[in-house]
Visitor: 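Okay, here's the structure, questions in a sec.
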Protein chains: 2
Amino acid sequence: MTEFNLLFNALAITEEHLKEDIQRTGVVQTVPKNSFIVEQHKYIKWLALVISGKVRVWQENEDRQILLYYVHPIQTCVLSLSATFRDCKSIINAKTEEETTIIKIPVRYVSEWSFKYKSWNRFTTHSFIMSYEDLLHSYKNLAFNKIDKRLLDYLRSFAQKNNSQSIDLSHNQLAKELGTTREVVSKILKQYELSGIVKLKFKQIELL
Amino acid sequence: MTEFNLLFNALAITEEHLKEDIQRTGVVQTVPKNSFIVEQHKYIKWLALVISGKVRVWQENEDRQILLYYVHPIQTCVLSLSATFRDCKSIINAKTEEETTIIKIPVRYVSEWSFKYKSWNRFTTHSFIMSYEDLLHSYKNLAFNKIDKRLLDYLRSFAQKNNSQSIDLSHNQLAKELGTTREVVSKILKQYELSGIVKLKFKQIELL
DNA sequence: GTAAACCTGTACCTTTTGTTACAGGTCAGA
DNA sequence: TCTGACCTGTAACAAAAGGTACAGGTTTAC
């Protein structure tokens, strides 16, 4: 099955004209691990739809960074979506975490289609809503929870998403996801290990 | 000018059919100060468009709360917008801060129109984008800045929005906007007063 | 097989933020 | 004018989070 067909199926796209439009204007591209898809302060020219692989989206300061979300198949980075509706610079970074295949669509079509094709309208709207609610949850989490809880939450949701009880991340990586520092993560994890909640290995954390 | 016409002007709505639809299905309502427009965990049945007045939107925990944003004329609470696309319970609270006139639109029309009418599509999309970016800024702010800076930022943007150098809020109210406690706000403000950045009065802070 | 790069653990200290407790000020309404 | 509700200031303390420093483990690439 072609990448395009995968996309059409996943988004429940039935309109033949939309299919044609996407196939005519979209570009299939496979990018290696650790490539930037979107870079802070740069203009967004394409909407990237992830077909396979994984993309990490985050914000950064001088010395810290914080995860916003991951883009999995078949999703799009809602921020490039938003940029498509008014030409603007990116306020986030997005980088592949593994080899990733995307379909790139020039931004100017994205809003045009949202009025022209019902399924595209549904897709963009739905993406916005989901992303907004995700961000809202993150915001609430950040505002009200201490890092020990945020860390455990992160580990659990990571485990759930990957359908495995072990998390293959270094303390440093975890710190960056949560916007804190390595030492803090090490300390908390050690606490959790002493409480019998996790088991620590090299670059791996096992949830018990 | 009627409330409806105010709305049509502000949103640049030209389609006569859309105007008719809005007038037929919308309900103009003036609600007193401190009324709930949306309540956490309750179903959202209407999309409220603020015509005049001001609505505060926030999230809360057991003992804390944090401001999300204010809805001013002519805007809508993007969360009720998102709720309209899939029947769901509210995850936020919204309350009038002064007497407020709204136009309520039953949720089922909102998504329908976004495909039917170009200007409505533009309006909903635009609302989403703006709100998303606002929230993203808040998130970054919360993640990377200490409360003293967040407080000062808040005061300055408040002053700017109200076009006045004095902020008529108690320390307690400020604490709730920022998700912290009254004592912390008092201490920081006193620091700023000693540094000559603000002047403190009863229920009023003047930016110098 | 070895160096360089990265990972983990931990002790100690500092800064930031929150808590408790209390004293006194301001204001609106009875 | 008195009262109760709310506001402000502040000290002393506690908890949370971050920073510094260092010791030693693991992995990868040459």
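In what follows, every chain begins at residue 1, and chains take the letters A, B, ... in the order their sequences are listed.
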Visitor: How long is the line joining CG of B:Leu174 and P of D:dG9, in whole Å?
Guide: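 Interatomic distance, CG of B:Leu174 to P of D:dG9: 12 Å.
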Visitor: Taking any atom under 4.0 angstrom from a heavy atom of chain A, which nucleotides of DNA chain C are the first and last to qualify, 5' to 3'?
Guide: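 The protein-touched segment is C:dC7 to C:dC12.
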Visitor: In residues 198-207 of chain B, what donor-acceptor pairs under 3.5 Å come from side-chain atoms, sequence neighbours left out?
Guide:
{"unit_1": "B:Lys201", "atom_1": "NZ", "unit_2": "B:Glu206", "atom_2": "OE1", "d": "2.8"}
{"unit_1": "B:Gln204", "atom_1": "NE2", "unit_2": "B:Asp168", "atom_2": "OD1", "d": "3.2"}

Visitor: What I want to check is whether the side chains of A:Asn5 and A:Thr2 have a donor and an acceptor closer together than 3.5 Å.
Guide: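 There is such a pair (donor and acceptor under 3.5 Å, judged by atom type) between the side chains of A:Asn5 and A:Thr2.
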Visitor: With axes from five pairs an end, tell me the bend angle of the helix from C:dG1-D:dC30 to C:dA30-D:dT1, nearest 10°.
Guide: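 One end axis against the other gives 40°.
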Visitor: Test of understanding: with salt bridge (Lys or Arg N to Asp or Glu O under 4.0 Å), list the residues that count as partners of B:Lys33, not counting sequence neighbours.
Guide: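 Per chain and number, B:Lys33 pairs via salt bridge (Lys or Arg N to Asp or Glu O under 4.0 Å) with no residue.
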Visitor: Kindly write out the residues that satisfy salt bridge (Lys or Arg N to Asp or Glu O under 4.0 Å) with A:Glu60, not counting sequence neighbours, or none if the list is empty.
Guide: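 Counting only residues at least two positions away or on another chain, A:Glu60 forms no salt bridge (Lys or Arg N to Asp or Glu O under 4.0 Å).
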Visitor: Any residue in residues 186-195 of chain B with a heavy atom nearer than 4.0 angstrom to DNA chain C? Just list them by number, or reply none.
Guide: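 Nucleic-acid contacts, sorted: B:Lys187.
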Visitor: Let's see if you can work this out: which of D:dG18, D:dG25, D:dC7 has an atom nearest to the side-chain heavy atoms of B:Phe202?
Guide: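 Taking heavy atoms from C-beta onward, the closest nucleotide is D:dC7.
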Visitor: Could you check which residues of residues 142-151 of chain A get a heavy atom under 4.0 Å from DNA chain C? Sort them by number, please.
Guide: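 Per residue number, the list is empty: none.
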Visitor: What I want to check is whether the side chains of B:Ser114 and B:Thr124 have a donor and an acceptor closer together than 3.5 Å.
Guide: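 No donor-acceptor contact under 3.5 Å links the two side chains.
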Visitor: With no hydrogens and no angle check, is any side-chain donor or acceptor of A:Asn121 less than 3.5 Å from a backbone partner on A:Phe115?
Guide: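 No, A:Asn121 side chain to A:Phe115 backbone: no donor-acceptor pair under 3.5 Å.
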Visitor: Mind checking salt bridge (Lys or Arg N to Asp or Glu O under 4.0 Å) for B:Lys146 and listing every partner two or more places apart, or none if nothing turns up?
Guide: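 Once residues adjacent in sequence are excluded, B:Lys146 has no partner under the salt bridge (Lys or Arg N to Asp or Glu O under 4.0 Å) criterion.
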Visitor: Regarding B:Lys140 and A:Gln59, is there a side-chain donor-to-acceptor distance under 3.5 Å anywhere?
Guide: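 No, no side-chain donor-acceptor pair sits under 3.5 Å.
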Visitor: Could I get the full list of side-chain contact (heavy atoms from CB on, under 4.5 Å) partners for A:Gln75, not counting sequence neighbours?
Guide: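 With sequence neighbours excluded, A:Gln75 shows a side-chain contact (heavy atoms from CB on, under 4.5 Å) to A:Val71, A:His72, given in chain and number order.
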Visitor: Check salt bridge (Lys or Arg N to Asp or Glu O under 4.0 Å) between B:Lys187 and all other residues, then give those that pass, not counting sequence neighbours.
Guide: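 Scan of B:Lys187 (salt bridge (Lys or Arg N to Asp or Glu O under 4.0 Å), adjacent residues dropped) gives none.
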Visitor: Hydrogens and angles aside, do B:Gln40 and B:Asn93 bring a side-chain donor and acceptor to less than 3.5 Å of each other?
Guide: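 B:Gln40 vs B:Asn93: donor-acceptor pair found between side chains.
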Visitor: Please report, rounded to the nearest Å, how far the C1' atom of D:dT26 is from the CG atom of A:Asp168.
Guide: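 In whole Å, D:dT26 C1' and A:Asp168 CG are 15 Å from each other.
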Visitor: Please list, chain by chain and in numerical order, all residues satisfying ring pair (Phe, Tyr, Trp, His ring centres under 6.0 Å) with A:Tyr109, sequence neighbours excluded.
Guide: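 Applying ring pair (Phe, Tyr, Trp, His ring centres under 6.0 Å) to A:Tyr109 gives A:Trp113.
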Visitor: Got a donor-acceptor pair under 3.5 Å from the side chain of B:Arg182 to the base of D:dG9?
Guide: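 Per atom types, the contact qualifies.
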Visitor: B:Asn172 has an atom CG; how far is it from atom P of D:dA5, in whole Å?
Guide: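 Nearest whole value for this atom pair: 16 Å.
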Visitor: State which residues pass ring pair (Phe, Tyr, Trp, His ring centres under 6.0 Å) with B:Phe8; sequence neighbours excluded, sorted by chain then number.
Guide: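 Here no residue qualifies.
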Visitor: Round to the nearest Å and state the distance from A:Lys203 atom NZ to D:dT27 atom C1'.
Guide: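 From A:Lys203 NZ to D:dT27 C1': 8 Å.
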Visitor: Rounding to a whole Å, what distance do you find between A:Glu183:CD and D:dG18:C1'?
Guide: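 My rounded result for the distance is 8 Å.
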